[in-house]
2 protein chains.
Amino acid sequence: MPSLPSGLLGDLDPTSDRAVFRQIADQLREAIDRGRFKEGEKLPSEAELVDHYGVSRMTVRNSFSVLQGEGLVHAEHGKGVFVRPRPPVRRLASDRFARRHREQGKAAFIVEANAAGSHPQVDSLEVKEEKASQDVSARLGSVRRVLARRRRYLLDGRPVEFATSYLPLDIARGTPIAEPNPGPGGIYARLEELGHRLDHFEEEIRARMPSPAEVKTLRLASGVPVIHLIRTAFDAAGRAVEVCDTVMAADAYVLSYQLPAT
Amino acid sequence: MPSLPSGLLGDLDPTSDRAVFRQIADQLREAIDRGRFKEGEKLPSEAELVDHYGVSRMTVRNSFSVLQGEGLVHAEHGKGVFVRPRPPVRRLASDRFARRHREQGKAAFIVEANAAGSHPQVDSLEVKEEKASQDVSARLGSVRRVLARRRRYLLDGRPVEFATSYLPLDIARGTPIAEPNPGPGGIYARLEELGHRLDHFEEEIRARMPSPAEVKTLRLASGVPVIHLIRTAFDAAGRAVEVCDTVMAADAYVLSYQLPAT
DNA sequence: CTTGCCCACTCGTCTATACGAGTATGCCTG
DNA sequence: CAGGCATACTCGTATAGACGAGTGGGCAAG
């Protein structure tokens, strides 16, 4: 058992009323913050910390679980505990649905990913008619059934976003919108062709911890929240023509809005 | 020891390869989702679950820690583990800095809170000159020192938001902006009086788990992320005149933006 | 009746141990 | 040299026990 380089981590303060596992977590956190452990680097193993601090293994694990909850580290079975690398974030500008972008005919996700030099991917595409949830129904103006378009977005193989678009059947049924691939410019281009000139969008943003299903779909590490965005698109007649429910891995995104100061 | 009402929770599946503590967490989570345990209600105690499932106490605690990480429950020392109540959320509309609101002369936070029937409060006010961080300096256009205005917002005694505004000294020094109370309409009204007619705002939004300091300041329960919002205000000359760095308890907020579809 | 104490119940912290399962490495065998 | 196996290391899961500390109810003393 190689012992820990001395000086890397301090000692415990037995007189402190701060719990031992918190003291250990504090020291590890500080070492990470100071850059003593860099992104992706392996922390000392549980056994090494047990030796260093003279505590039991569960106490060390307790410390690790604190740091995991903060999203600072992640454990890999059989390998060790590592400082969680911060993946490059995708910036979503508020003009990403501007007509001028749509007219170029490419999906925003693909264009932006290519510009950033990463490999975009869309999978688990599902398009079907279904019963509208109470919330979706309220947003679309009391529709009973909707067309749902589900898809998952990946960057360089990593799932980063899961989105579902809901559209009223009287708008979408029998149109290219109901096809798996709606064609150039996406469903917003099709909506405009169908006479629903888009007027404005409303976006609602929440942040919360993911459900187990979301952890699975987005392969989220522990301590990573999700951003939950609900966008409603309104046409020039003031009708809500689409609701898009998006769940994003919070460590992969920065949302950016530009607001007039009128 | 009163035994658990049968039927409330199921049994373990010994053949499953799902860890026991996950199975228990699953059952509790499902019971909460189905409304068998309501908001604020007490879950069975650790001892009761130990009896019911025939497992050790640490296994039960492990289950609870899963649910805590998901933000579903919170433990109170000496009392029990409770379904975390969802506090009423504050909705922030994208026009909350519109000039017409400012002209009414009241702070947005106070007005909105009163409208919602809750008791607003602002504390730990601090106004001082300091060195600009690298990030703030870059956003304000390479200023070295700034005026920082720090304050914490509370609703009905609960801290929900912690914000710092940074302004270039050549704009703010010696003006009412450098006073603890900048007067009616807040610092944006003062900026306009000083000839900096506001043109637009840029807002950047991130979500992440809180640092220990943020947990303390916002009295956050475990499993509650924060929304980190950085707003930059630009005047008509295109100059960045203020950067506002805000950390919000994610369970207290829904951000709402309205975007034109131009 | 009020005060104060005790006790039962709650979760918090910590130890010690055991076995399982994933990973990496090096050696041994073919 | 290549493949496969043994082994040592990693974290994951689970048990059993101990003591501490916060909470609240009931009982007893004043």
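Below, read A as the first sequence line, B as the second, and so on, with proteins coming before strands; counting in each chain starts at 1. In what follows, every heavy atom counts, from backbone to side chain, and hydrogens, waters and symmetry copies are set aside.
The nearest whole Å value for the distance from the CG atom in B/Leu49 to the C1' atom in D/dA14 is 16 Å. The CZ-P distance, from A/Phe82 to C/dG22, rounds to 17 Å in whole Å. Taking atom CD of A/Glu48 as the reference point, atom C1' of D/dA8 lies 14 Å away to the nearest angstrom. B/Tyr53 places its OH atom 13 Å from the P atom of D/dA14, with the value rounded to the nearest Å. If you measure from atom NZ of B/Lys79 to atom P of D/dT23, you get 7 Å, rounded to the nearest angstrom. One atom, CD of B/Glu76, and another, C1' of C/dC9, lie 15 Å apart when rounded to the nearest Å. Summarising the geometry, the separation between CD on B/Glu46 and C1' on C/dT10 is reported as 8 Å, rounded to the nearest angstrom. Protein atom CG of B/Asn62 is 8 Å distant from nucleotide atom P of D/dA14, rounded to whole Å.
In terms of heavy atoms, B/Tyr257 sits closest to B/Ile205 at OH-CD1, 3.3 Å.
Taking CG of A/Leu28 as the reference point, atom CG of A/Leu67 lies at 5.5 Å (rounded to 0.5 Å).
A 4.5 Å side-chain heavy-atom check between A/Tyr53 and A/Val20 finds every atom pair outside the cut-off. The closest side-chain heavy-atom distance from A/His228 to A/Asp245 is below 4.5 Å.
Sequence order on DNA chain C of the closest nucleotides to B/Val81 and A/Arg57 puts B/Val81 first from the 5' end. DNA chain D is contacted by both A/Phe64 and A/Met58; A/Phe64 maps to the nucleotide lying nearer its 5′ end (nearest heavy atom per residue). When each of A/Val55 and A/Gly78 is assigned the nucleotide of DNA chain C bearing its nearest heavy atom, the one mapping closer to the 5' terminus is A/Val55.
Considering only the side chain of A/Ser56, C/dT15 comes nearest among C/dT15, C/dC11, D/dA14. For B/His77, counting side-chain heavy atoms from C-beta on, the closest listed nucleotide (D/dA21, D/dA16, C/dA21) is D/dA21. Closest to the side chain of A/Ser45, out of D/dA14, D/dC11, C/dA24, is D/dC11.
The residues B/Arg96 and B/Glu112 are annotated as not salt-bridged, no charged nitrogen and carboxylate oxygen being separated by less than 4.0 angstrom. Note on B/Asp26 versus B/Arg22: no salt bridge recorded, every NZ/NE/NH1/NH2 to OD/OE distance being 4.0 Å or above.
Close to D/dT13, at under 4.0 Å from its OP1 or OP2, lies no side-chain N or O of B/Thr59. At least one side-chain nitrogen or oxygen of B/Arg61 sits closer than 4.0 Å to the OP1 or OP2 atom of C/dG12.
Checking each of A/Arg152, A/Arg151, A/Arg149, A/Arg150 against A/Glu126 for a salt bridge (Lys or Arg N to Asp or Glu O under 4.0 Å) leaves exactly one that passes, namely A/Arg150.
Near-neighbour residues of DNA chain D inside residues 16-32 of chain B, defined by a heavy atom below 4.0 Å, number-ordered: B/Ala19, B/Val20, B/Phe21, B/Arg22.
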